[in-house]
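Here is the structure we will look at.
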Amino acid sequence: MGNELSAVPYEGPTDILEGRDIASVAKYMKSDSCKNVFVMNGAGVSTSAGIPDFRSPKTGLYHNLERLNLPYPEAVFEINFFRENPVPFYTLARELMPGKYRPTPTHSFVKLLHNRGLLRMCYTQNIDTLERLAGLPDEAVVEAHGSFANQHCVECGSWYDEHKLRDQISRGEVAYCYECGGLVKPDIVFFGESLPARFHKTIGLLRSADLLIIMGTSLKVHPFATLTQLVPESCPRVLINMDPAGDIGTRPDDVVLLGKTDDVVRDLCKELGEDWVDELDALWDETEKREGACSRCREGEGSD
Ligand code: CNA
């Protein structure tokens, strides 16, 4: 946490884009110069699915955690606090657990980038697995803060059954390891834990970025937020968010598009062409059929 950069907006001419607006971004995306697009997602891409983010005033999780009796809001995602008192996390997990939520049009936009052969990698801070439910293959996503897709004992590392944990979470019961009796938690990354190896292995790819699209994040959690610094200086960075974030706006080809991600990506698709809008709608329609399934159920290995 912390280390925010002070953002002094750049007001000089652009280098790569014609302008710092949505039409210029679309024009660049259609050009031969834009082949490797990277996406960074935060909680704001999932709020329209009904999943609260952390920091939005009134609706964010941190605002609504009083009932959990925490010493401070971040404690719910701290491994040492979890070892002492797992109940607040399990209470929250019941609300956040995947299977209840449908991907948003913003998730379908990322799938559309993939279908068009533009997406090189989608880095997400979200633990809701909605990128996968939108149809992105595993190799196109890095779940930088882990997900509910796997679960292990925090003491001995033994695997725990996904369906059993889901049942226990939905009943408000804490799960304990079959092997050593330690606490079980989904493989989501808590403050104080390392990010998955795949995050570290893939971040070098950002050096090849022609475009970085950052959506629905306050860019306050590190090291995730530092990904914005790893693309070349010449790579346009586009922030789609309700509020300004990080240092986006300080480089000549930074574009800040303030608004709801679902609305802005639709406007961007309109600029890209009618076929983009049609495909976006079709991809989002498909997500309705996938709603409500957990990963094993989708693969036909079990039932909810
Ligand atoms: P955050 O700090 O709560 O910031 C969210 C940002 O999104 C804010 O700047 C909001 O203004 C903005 N926002 C909210 N709704 C919209 C919208 N519809 N359109 C555009 N912008 C919007 O969340 P971050 O992701 O930056 O923080 C990182 C944390 C949040 C990670 O560790 C996640 O694990 C964690 N988180 C994940 C989920 C999830 O999986 N869906 C939910 C809540 C928190």
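Each ligand, and each atom within it, is numbered from 1 in the order the structure gives. From a predicted model like this one, the values you see are computed outputs, not experimental measurements.
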Would L70 end up clustered with I188 when hydrophobic side chains under 4.5 Å apart are linked, directly or stepwise?
yes
Flag if over 12 foreign heavy atoms under 6.0 Å of CD, E173
yes
Looking only at N/O atoms, are V221 and ligand 1 under 3.5 Å apart anywhere?
no
Element-labelled atoms of ligand 1 that are located less than 4.0 Å from some non-hydrogen atom of G42
25 (O)
Give the residue and atom name of whichever protein heavy atom lies nearest to atom 5 (C) of ligand 1, and the separation in Å to one decimal.
D53 OD2, 3.5 Å
Is there a polar contact, in the sense of an N or O pair closer than 3.5 Å, between I127 and ligand 1?
yes
In Å, rounded to the nearest 0.5 Å, how long is the span from CD1 of I127 to CD of Q125?
11.0 Å
Taking non-hydrogen atoms only, is S46 closer than 4.0 angstrom to ligand 1 via side chain, backbone, both or neither?
side chain
Can K260 and D267 be counted as an ion pair, charged N to O under 4.0 angstrom?
no
Using the rule that Ile, Leu, Val, Met, Phe, Trp and Tyr join whenever any side-chain heavy atoms are under 4.5 Å apart, tell me whether W284 and L112 fall into a single cluster.
no
Check contact between A49 and ligand 1, using heavy atoms of the residue and a distance below 4.0 angstrom.
no
My understanding is that we take every heavy atom of each candidate and find the minimum distance to atom 11 (O) of ligand 1. Doing that for D243, V264, N241, which one comes out nearest?
D243
Electrostatic pair K27:E271 at N-O distance under 4.0 angstrom
no
Which heavy atom of the protein is the closest neighbour of atom 39 (C) of ligand 1, given with residue, atom name and distance?
D128 OD2, 3.5 Å
Closest protein heavy atom (residue, atom, distance) for atom 26 (O) of ligand 1:
T217 OG1, 2.7 Å
Indicate yes or no: does R116 engage E279 in a salt bridge with an N to O separation below 4.0 Å.
yes
What's the shortest distance from atom 42 (C) of ligand 1 to any protein heavy atom, and which residue and atom give it?
P52 O, 3.3 Å
Taking N or O atoms only and a 3.5 Å limit, does I240 qualify as a polar contact for ligand 1?
no
Heavy atoms only, cut-off 4.0 Å: how does N126 contact ligand 1, side chain, backbone, both, or neither?
both
Just need the protein heavy atom nearest to atom 4 (O) of ligand 1, so name the residue and atom and give the distance.
S218 N, 3.4 Å
At what distance is the nearest protein heavy atom to atom 18 (N) of ligand 1, and which residue and atom is it?
T47 OG1, 3.2 Å
Any heavy atom of S48 under 4.0 Å from ligand 1? The part involved is neither
Return the residue, atom name and 0.1 Å-rounded distance of the protein heavy atom closest to atom 2 (O) of ligand 1.
R55 NH1, 2.4 Å
If you count the non-hydrogen atoms of other residues, nucleotides and ligands that lie under 6.0 Å from CZ in R207, is the total more than 12?
no
Any idea which of G246, A225, G216 brings a heavy atom closest to atom 7 (O) of ligand 1?
G216
Classify the ring geometry between F224 and Y123 as parallel (under 30°), tilted (30 to 60°) or perpendicular (over 60°).
perpendicular
Ligand 1 to K260, heavy atom cutoff 4.0 Å, flagged ligand atoms 19 (N), 20 (C)
What part of H145, side chain, backbone, both or neither, has a heavy atom within less than 4.0 angstrom of ligand 1?
side chain
When you measure from the centre of the six-membered ring of F89, is the NZ or CZ of K185 under 6.0 Å away and within 45° of the axis?
no
Verify same cluster id: F109, M242 (apolar side-chain graph, 4.5 Å):
no
Do me a favour and list the nearest non-hydrogen protein atom to atom 20 (C) of ligand 1 with residue, atom name and distance?
G259 O, 3.3 Å
So how far is it from E131 CD to S108 OG, rounded to the nearest 0.5 Å?
11.0 Å
